[in-house]
Amino acid sequence: MNRGVTMAEQRKLPSRQENYSEWYNQVVLRAELADYSPVRGCMVIRPYGYALWENIRDALDRRFKATGHVNAYFPLFIPMSFIEKEKEHVEGFAPELAVVTHGGGKKLEEPLVVRPTSETIIGHMYAKWIKSYRDLPVLINQWANVVRWELRTRLFLRTMEFLWQEGHTAHATAEEAEEEARRMLDVYEDFLQNDAAIPVVKGQKSNIEKFAGALRSYTVEAMMGNTWALQSGTSHNLGQNFAKAFNIRYLDRNNELQYVWTTSWGMSTRVVGAVVMVHGDDQGLRLPPRLAPIQVVVVPIWRKDADKSPVLDAAYNLTRALREAGVRVHLDDREEHTPGFKFNEWELRGVPLRVEIGPRDVENRQVVLARRDIPGKAGKSAVPMDEIVPRVQEMLETIQQSLFDQAKAFMEANTHTVQTYEEFKEVLATRGGFIRVYWAGSDEDEIRIKEETKATIRCYPFDHDGSEGTCFYTGKKTNRVAIFARAY
RNA sequence: CGGGGCGUGGCGCAGUCCGGUUAGCGCACGGCGUUUGGGACGCCGGUGUCGGAGGUUCAAAUCCUCUCGCCCCGACCA
C-alpha cells in the first residue's frame, strides 16, 4: 500500500494549512491527550491530557482562592422543575438537556436533569443559606462535570460531557456583582495570557450570544491557528434574575428584605483545545512551559556499547538535578527507539525543551538544548553541564514568553478593520480572522449576518476608546465597536 | 431530521463490479539478534464470527432483502 513512502512521511501529521480540523484531531489523538469513547459525543481524557488539565485547574484554583473564593460541591442531578423556574434559562437549555426518567427500575415522580450548569440548584441552596446582609457576599466555586446534549461534537472543544469550574457568587448590591463578574474575567485573562500564553480579546457578549438568564455576559476570546475565534472563558452578571426565580433574599441594615445580586463564571476543558490550536504547529503540540506536564525531556544517545553507561549516568544525574530544582523532567531511556524517533515523538507531544546528551557531550561536559518553539538546528544550543539548572529554567521562561509573543503577533496580524458590509464579506472569505467594526445593528441584523457569512459577534471589546464611527451594516452613527469572527 | 460516504486482524486499507483454493498488504504488537547525534534493520511469530440477520447457490467478503452502527455536509452550542 504505502510502498515508496518513507517511514517519516507516513508518520507525518496532516498539515494545518491542508486540513486544519484533521490536523487537530490527529494531534489530540496521537499526543495521547484524549480518545473517543464508545458513547458518541463523549471522550476519554488520557493521562497526558489530564495532567495538562490538572495544571490548568491548579493555576485557576490558586487564583480563585487568592480572590477570596472557596470550593464546594453540588449534586449532578437537578429536579426538572428547577430548570423551569427562570424563563430565559429554560429556553436556552431545554434543547440540550439529558433527563433521567427512571431510577431503581421505576419511573420517577419528577424527572431529574443531569446538570448542564448549576445556577438553579445553587440558587436553591443560597435561598436557604442567605438570611442577612452579614451572610454576604457568598463566593463559591465548584469543580465539576456537566452534560449538554450536543449534536456536533469535537474532542475538547464540544463534547456532551465536559469538566469545568463554575463560580457562583451572591452579593448585596448590583455594583458588587458587576465588580465580581469583571474581576473574574480579569482572572481568566491573567491565567490565559500568563500561564497558557494565549492572548485574548476581553469584552461583552451581544444580546444574542449572552448566557441564558444573564443580565450581561463577558467573555475572553482567543484566536485559533486557523483564525477562528474560541470563547475561552465567560463571566456573567446575573442581576436578580435567579434571586427572583429562587427567592434568594436577605435583610439589609435597615431590616428590609432585598433580593441578592448573583454572578456565575466558568472555564472548561475546552481551553485544552485552545492550547492545542493556538500554539500547535505541523510537528504537533507546543505546550507552554507553565502548563506542560513534562517541561523537559532528556534523550540519551550512544552508538557503541562502551558509551552507554557513561551517557546514561550523565543523563540520570542531569535528570535528578533538574527534578530537585523543581523542573518537571522526564528521562526517556527506552532502548527500543532511536533518538530520532524520540525527538519526533516528544515534539508531537509538545514538550517545550529537550536535552540531548551523547558521548561527545559527556566528553565535553556539556549538553545540547533543543527548543520546541524554534524548529530544527536553529533552536539548538550547547550548554555546559554545570550550568544546566539555571540555563534550563531561564530557557523555559523564554519559551513561555516566545509562545505568547508568537500568538499575539498572529492575532494582531489577523485582526482587520472594515467600513462596509461588502468589505466585511470580502475579508471574511479571503483572509478570515477577527473583524473589528462599528456596530449599531439589531438582534435581527446580527442573525442575518450570521446566516449570510457564518460570522458572529464575539464581543464588544473593552479596549475601544469610545470614539464614534459609522456602523458598517446600518450606516448609523455609533460609538460601539464589535468584533466579528467565525467561531468554534 | 434532509443530502453524501463507509463498515474486512488493534489501526489504515486491498479484495466486492464479474461468486470459486488456505481472505491479503502496510503499520502496530510479541521473541531473538544487529542497531541508536532527526521517525533503524533482519529473521521468526500471534491476531479475523469480512457490522448483524435472513435469503439465492454445489459454493457468498463478493449477489438479493432487511437491519444496526459510524463519519462528513446543512438547523442549536462552554
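Excluded from the calculations below are hydrogen atoms, water molecules and symmetry mates; all remaining heavy atoms, backbone and side chain alike, are included. In what follows, every chain begins at residue 1, and chains take the letters A, B, ... in the order their sequences are listed.
- The main-chain N or O of A/Phe74 is found under 3.5 Å from a side-chain atom of A/Gln142 such that the two form a donor-acceptor pair.
- Residue A/Trp302 is in base contact, counting any heavy-atom pair closer than 4.0 Å across all strands shown.
- Place A/Tyr488 and A/Glu347 on RNA chain B by their nearest nucleotides, and A/Glu347 ends up nearer the 5' end.
- In the set B/rU36, B/rA78, B/rG38, B/rU36 carries the atom at the smallest distance from any side-chain atom of A/Thr338.
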Using Watson-Crick and G-U wobble pairs with both distances under 3.5 Å, what is the 5'-to-3' dot-bracket string of RNA chain B, with [ ] for crossing pairs and | for pairs outside the strand?
((((((((.[[[[.)....(...]]]].((((((.....)))))).....[[[[[..)....]]]]])))))))....
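- For the side-chain hydrogen bond (donor to acceptor under 3.5 Å, both in side chains) with A/Glu347, the lone residue among A/Arg354, A/Arg372, A/Arg286 that qualifies is A/Arg354.
- With both ends at atom C1', the span from B/rG12 to B/rU49 equals 22 Å, rounded to whole Å.
- The C1' atoms of B/rC29 and B/rU47 are separated by 9 Å, rounded to the nearest whole Å.
- Regarding A/His337, its NE2 atom lies at a distance of 15 Å from the C1' atom of B/rG38, rounded to whole Å.
- Going from the P atom of B/rC17 to that of B/rC76 covers 44 Å, rounded to whole Å.
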Below 3.5 Å between N/O atoms, which protein atoms pair up with nucleotides 70-75 of chain B? Just atom names and distances, please.
from: B/rC71; atom 1: OP2; to: A/Arg40; atom 2: NH1; distance (Å): 3.1
from: B/rC73; atom 1: OP2; to: A/Arg152; atom 2: NH2; distance (Å): 2.1
from: B/rG74; atom 1: OP1; to: A/Lys454; atom 2: NZ; distance (Å): 3.1
from: B/rG74; atom 1: OP2; to: A/Arg152; atom 2: NH1; distance (Å): 3.3

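- Remark: side-chain polar atoms of A/Tyr188 are paired, donor with acceptor, to backbone N or O of A/Gly266 under 3.5 angstrom.
- For A/Glu345 and B/rG39, a side-chain-to-base donor-acceptor distance below 3.5 Å is absent, hydrogens and geometry of angles not being considered.
- The separation between A/Phe211 atom CZ and B/rA78 atom P is 10 Å, rounded to whole Å.
- B/rA59 and B/rG20 are spaced 7 Å apart, taking the C1' atom of each and rounding to whole Å.
- Across the P atoms, B/rG5 and B/rC27 are found 32 Å apart, a figure rounded to whole Å.
- The list of side chain to side chain donor-acceptor pair (under 3.5 Å) pairs with a residue in residues 357-370 of chain A, not counting sequence neighbours, reads A/Asp361-A/Gln366.
- The pair A/Asp281-A/Arg16 fails the salt-bridge criterion, with no side-chain N (NZ, NE, NH1 or NH2) lying under 4.0 Å from an Asp/Glu carboxylate O.
- Applying the ring-ring contact (aromatic ring centres under 6.0 Å, His included) definition to pairs two or more places apart or across chains, none involves residues 361-386 of chain A.
- Classified by interplanar angle (parallel below 30°, tilted 30° to 60°, perpendicular above 60°), the ring pair A/Phe246/A/Phe82 is perpendicular.
- Ion pairing of A/Glu189 with A/Arg182 is absent here, as no side-chain N (NZ or NE/NH1/NH2) approaches a carboxylate O to less than 4.0 Å.
- Distance alone, capped at 3.5 Å, is enough to place a donor-acceptor pair between the A/Gln165 side chain and the A/Met267 backbone.
- Scored by the side chain to side chain donor-acceptor pair (under 3.5 Å) test, A/Gln193 finds no partners at all (sequence neighbours excluded).
- The salt bridge (charged side-chain N to carboxylate O under 4.0 Å, His left out) check on A/Arg371 picks up A/Asp373, with sequence neighbours excluded.
- Using a 4.0 Å cut-off between a side-chain N of Lys or Arg and a carboxylate O of Asp or Glu, A/Glu91 and A/Lys87 qualify as a salt bridge.
- On the C1' atoms, B/rG10 is 27 Å away from B/rU67, given to the nearest whole Å.
- Closest to the A/Glu150 side chain, of the nucleotides B/rA78, B/rG39, B/rG37, is B/rA78.
- To the nearest angstrom, P of B/rA78 lies 18 Å from CG of A/Leu60.
- B/rU36 atom P lies 12 Å from atom CD1 of A/Ile301, rounded to whole Å.
- Near RNA chain B, meaning a heavy atom under 4.0 Å away, the residues from residues 226-240 of chain A are A/Gln231, A/Thr234.
- Between A/Glu345 and A/Arg334 there is a salt bridge, since at least one side-chain N of the basic residue sits less than 4.0 Å from a carboxylate O of the acidic one.
- A heavy atom lying under 4.0 Å from RNA chain B marks the following residues of residues 366-386 of chain A, by number: A/Val368, A/Lys380.
- Spacing of P atoms, B/rG4 relative to B/rG48, comes out at 37 Å, to the nearest Å.
- Note: A/His337 and A/Phe341 have parallel aromatic rings, judged against thresholds of 30 and 60 degrees for the angle between ring planes.
- Ring-to-base geometry places A/Phe162 in a stacked arrangement with B/rA78 (centre distance under 5.5 Å, plane angle under 30°).
- A search for ring-ring contact (aromatic ring centres under 6.0 Å, His included) contacts involving A/Phe434 returns nothing, not counting sequence neighbours.
- The gap from the C1' atom of B/rA61 to that of B/rC6 amounts to 15 Å, rounded to the nearest Å.
- Using a 4.0 Å cutoff on non-hydrogen atoms, the parts of residues 356-363 of chain A near RNA chain B are A/Glu356, A/Gly358, A/Pro359, A/Arg360, A/Asp361, ordered by number.
- A salt bridge links A/Asp186 with A/Lys202: at least one charged nitrogen is closer than 4.0 Å to a carboxylate oxygen.
- Using a 4.0 Å cutoff on non-hydrogen atoms, the parts of residues 266-289 of chain A near RNA chain B are A/Ser268, A/Arg270, ordered by number.
- Straight-line distance from the CZ atom of A/Arg354 to the C1' atom of B/rG37: 10 Å, rounded to whole Å.
- For the pair A/Arg30 CZ and B/rG39 P, the interatomic distance rounds to 16 Å; values are reported in whole Å.
- Here B/rG10 presents its C1' atom at 12 Å from CG of A/Asp35, a figure rounded to the nearest Å.
- Put simply, CD on A/Glu336 is 15 Å from P on B/rG33, counting in whole angstrom units.
- Salt bridge A/Glu179/A/Arg183: present, at least one basic N to carboxylate O contact under 4.0 Å.
- A 6.0 Å sphere centred on CZ of A/Phe462 holds more than 12 heavy atoms belonging to other residues, nucleotides or ligands.
- The existence of a salt bridge linking A/Lys65 and A/Asp61 is confirmed by a sub-4.0 Å separation between a basic side-chain nitrogen and an acidic carboxylate oxygen.
- Identified under the side chain to side chain donor-acceptor pair (under 3.5 Å) test for residues 305-315 of chain A, with sequence neighbours left out: A/Lys308-A/Glu335.
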